[in-house]
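Here the structure comes first, spelled out in structure tokens, and everything after it is commentary.
Each chain gets a letter, A, B and so on, in the order the sequences are listed, and its residues count up from 1.
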There are 2 protein chains.
Amino acid sequence: MKSEKISDAVVRRLPVYLRFLNQLTMQEVLTVSSQELGQKLDLNPAQIRKDLAYFGDFGRKGIGYDVSYLIEKIRYILNLDQQINVALIGAGNLGQALSNYNAYLKDNMKIVAVFDTYEGKIGTSINNIVVQPIDQLTDTIVKNNVKIGIITVPGSEAQRVADELISAGIRAILNFAPVILKTPPDIRVHNADFTTDLLSLAYYLQDKDDKDVASHES
Amino acid sequence: MKSEKISDAVVRRLPVYLRFLNQLTMQEVLTVSSQELGQKLDLNPAQIRKDLAYFGDFGRKGIGYDVSYLIEKIRYILNLDQQINVALIGAGNLGQALSNYNAYLKDNMKIVAVFDTYEGKIGTSINNIVVQPIDQLTDTIVKNNVKIGIITVPGSEAQRVADELISAGIRAILNFAPVILKTPPDIRVHNADFTTDLLSLAYYLQDKDDKDVASHES
DNA sequence: TAGATTGTTAATCGATTAACAATC
DNA sequence: TAGATTGTTAATCGATTAACAATC
């Protein structure tokens with residue numbers, strides 16, 4: 001084990017490992033090798049071993065990794081051994097879809113508050129959580145020790161919401177709005193806007209041999 | 001301009017550029033430099049110039065990039081100068097949220113078909129599209145020349161749906177299900193599962209100096 | 001002309017993969 | 001023991017950034 005700084009690429013693979021290991025548990029598989037993991041997850045086995053070795057010697061030579069032990073370790077690394085409170089800002093379609101997803105729950109992530117500006121939404125319940133007006137955001141976040149905010153408001157409001165979240169003490173943001181947020185360096189932001197993902201897929205629909213971009217004339 | 005193979009990282013930035021350029025158009029900005037772009041999008045200006053230069057000489061030395069010209073070029077590169085038909089499989093909460101997002105529309109992406117297995121859903125309308133039973137998938141996809149599939153079914157069904165989409169002739173998949181799909185190499189898959197994104201955020205909530213993962217005992 | 005900014009090469013940085021000794 | 005598989009080093013690959021001549 002080394003004490004290098006762990007790269008984002010490594011951290012983002014940990015939940016993928018965790019997810020698959022949980023599946024293995026359900027199938028009552030006790031042990032797994034980096035080779036098997038690599039095959040199922042479409043990753044290089046050496047990469048998987050290296051990723052895990054950043055955090056400790058979790059495997060056994062000649063055997064592989066004990067599934068439940070590795071789950072426990074990854075959960076610990078990701079801070080999922082404690083409950084992590086999440087706030088959702090924006091109770092529109094997408095926000096509702098996300099709050100109904102209680103897949104987080106089993107991983108100790110819990111949406112504990114939902115906010116919206118629209119009067120018609122405020123006071124209604126989404127997945128047993130009452131939608132609050134946005135001016136209660138700071139209060140609620142502080143009181144409930146919320147650490148992560150999920151932004152599902154329109155792009156035009158996203159920066160303002162992010163600023164409020166940050167001044168309320170939030171540490172990380174999952175941003176679904178189609179804008180690049182300006183945030184201090186100690187705040188972690190992951191962009192989850194799927195429109196850019198979808199548009200980039202379009203690039204691969206055509207054999208570019210047929211197409212000469214440079215000489216495309218207006 | 002070169003004829004190297006363009007990396008995925010470059011392609012994924014193109015929609016980000018496009019999105020911001022569209023904003024500039026609305027503000028009636030005519031010209032933009034890589035420096036300005038870099039500042040707003042939190043990217044290195046040299047990277048932006050290099051990205052664009054893969055596809056042609058779009059800028060003017062001493063001036064910068066003509067906003068509307070660059071928009072046109074990027075749209076052409078991404079194949080967004082023609083309508084691209086999309087199918088959505090899974091009319092649950094998330095599927096509904098995505099189909100209501102008609103932000104694609106202005107970029108020539110259109111959801112033309114929605115499928116589900118649940119009888120209660122079939123025949124109902126989502127955003128003016130009638131939900132079809134999944135056994136009509138192949139037929140509809142072929143008839144409507146659908147090129148991209150968005151998978152919003154449960155993980156347990158995702159692989160089966162992907163297989164059907166592929167045999168129906170689809171070229172690219174945006175996968176929201178929490179599984180790694182097995183697909184032929186000529187099929188482009190982007191994973192959009194936000195649970196892994198969210199879980200990875202948890203890693204950054206704690207100063208790891210306080211925490212010694214290696215010596216964490218079970 | 002002077003200032004600004006591109007396109008591109010070279011340098012750097014970082015991430016992935018191969019290879020293998022250690023060892024279960 | 002023989003076979004399997006880890007942890008880790010070294011090699012490779014690829015992506016980002018710096019620097020600058022060209023030029024508007």
Side-chain angles (χ1 to χ4, degrees), chain A residues 1-14 16-17 21 24 29-71 73-74 77 180 200 203 213-215, chain B residues 1-14 16-17 21 24 29-71 73-74 77 180 200 203 213-215:
Chain A
M1 190 223 168
K2 0 225 176 106
S3 308
E4 305 170 38
K5 209 180 132 271
I6 310 296
S7 86
D8 190 38
V10 174
V11 174
R12 279 172 184 266
R13 281 191 293 269
L14 295 179
V16 178
Y17 301 153
L21 291 165
L24 289 180
V29 175
L30 298 180
T31 292
V32 68
S33 68
S34 61
Q35 175 127 153
E36 294 170 83
L37 280 170
Q39 215 196 318
K40 298 294 189 180
L41 301 178
D42 222 359
L43 295 171
N44 184 298
Q47 182 171 63
I48 295 172
R49 293 200 297 278
K50 200 161 195 281
D51 283 356
L52 297 174
Y54 282 117
F55 303 100
D57 289 0
F58 299 153
R60 289 214 292 157
K61 292 187 171 74
I63 311 287
Y65 299 90
D66 181 276
V67 172
S68 61
Y69 180 72
L70 192 53
I71 286 175
K73 287 299 185 181
I74 295 179
I77 294 163
I180 304 298
S200 71
Y203 174 81
V213 175
S215 65
Chain B
M1 189 226 168
K2 0 225 177 104
S3 308
E4 305 170 38
K5 208 180 134 271
I6 310 296
S7 86
D8 189 38
V10 174
V11 173
R12 279 172 184 266
R13 281 190 292 268
L14 295 178
V16 179
Y17 300 154
L21 290 165
L24 289 181
V29 175
L30 298 179
T31 290
V32 68
S33 69
S34 61
Q35 175 126 153
E36 294 170 82
L37 281 171
Q39 215 196 319
K40 298 294 188 178
L41 301 178
D42 220 1
L43 296 170
N44 184 298
Q47 182 171 64
I48 294 172
R49 294 199 298 278
K50 200 161 197 276
D51 283 355
L52 297 173
Y54 282 117
F55 303 99
D57 290 1
F58 299 151
R60 289 215 291 158
K61 293 186 171 74
I63 310 288
Y65 299 89
D66 182 277
V67 173
S68 60
Y69 180 71
L70 192 52
I71 286 174
K73 288 298 186 183
I74 295 180
I77 294 163
I180 304 298
S200 71
Y203 175 81
V213 175
S215 65

Can you list everything that forms a side chain to side chain donor-acceptor pair (under 3.5 Å) with [X]? Sequence neighbours excluded, please.
| X | value |
| --- | --- |
| A/Ser7 | none |
| B/Asn44 | none |
| B/Arg60 | none |

Gap between atoms [atom1] and [atom2], on [X] and [N] respectively (whole Å):
| X | N | atom1 | atom2 | result |
| --- | --- | --- | --- | --- |
| A/Asp66 | D/dT5 | CG | P | 15 Å |
| B/Lys50 | D/dA19 | NZ | P | 16 Å |
| B/Asp42 | D/dT17 | CG | P | 10 Å |
| B/Tyr69 | C/dT6 | OH | P | 15 Å |
| B/Gln39 | C/dT5 | CD | C1' | 15 Å |
| B/Ile48 | C/dG7 | CD1 | C1' | 14 Å |
| A/Asn44 | C/dA18 | CG | C1' | 8 Å |
| B/Leu52 | C/dT8 | CG | P | 12 Å |

ask   = Can you tell if the side chain of A/Tyr17 reaches within under 4.5 Å of the side chain of A/Leu41, non-hydrogen atoms only?
value = yes

request  = Would you indicate whether the side-chain heavy atoms of A/Leu21 and A/Tyr65 approach each other to under 4.5 Å?
outcome  = no

Contact list (N/O, under 3.5 angstrom) for nucleotides 11-15 of chain C vs protein:
none

query = Measuring from B/Leu14:CG to B/Phe55:CZ, what's the distance to the nearest 0.5 Å?
reply =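 Separation between the atoms: 5.0 Å.
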
ask   = How many angstroms lie between CG in B/Leu52 and CD1 in B/Ile48, if you round to the nearest 0.5 Å?
value = 7.5 Å

query = So what's the dot-bracket for DNA chain C: Watson-Crick or G-U pairs under 3.5 Å, [ ] if a pair crosses, | if it pairs off-strand?
reply = ..||||||||||||||||||||||

Looking only at heavy atoms, what is the nearest atom pair of [X] and [Y], with distance?
| X | Y | value |
| --- | --- | --- |
| A/Arg49 | A/Ser34 | NH1-OG, 3.0 Å |
| A/Ile77 | B/Tyr203 | O-CD1, 3.5 Å |
| A/Val67 | A/Val29 | CG2-O, 3.5 Å |

inquiry  = Would you say CD of A/Glu36 has more than 12 non-hydrogen atoms from neighbouring residues, nucleotides or ligands within 6.0 angstrom?
reply    =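 Atom CD in A/Glu36 is packed in, count exceeds 12.
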
Can you tabulate the close N/O pairs, meaning under 3.5 Å, that link protein atoms to atoms of nucleotides 20-24 of chain C?
residue	atom	partner	partner atom	Å
C/dC24	O4'	A/Lys61	O	3.0
C/dC24	O3'	A/Arg60	NH1	3.0

Among C/dT8, D/dT6, C/dT6, the nucleotide that comes nearest once only the side chain of A/Ser33 is considered =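 My answer, after comparing the listed nucleotides, is D/dT6.
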
message = Can you tell me if B/Tyr65 touches the phosphate of C/dG7, counting only side-chain N or O atoms and a distance under 4.0 Å to OP1 or OP2?
response =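 Yes, such a contact exists.
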
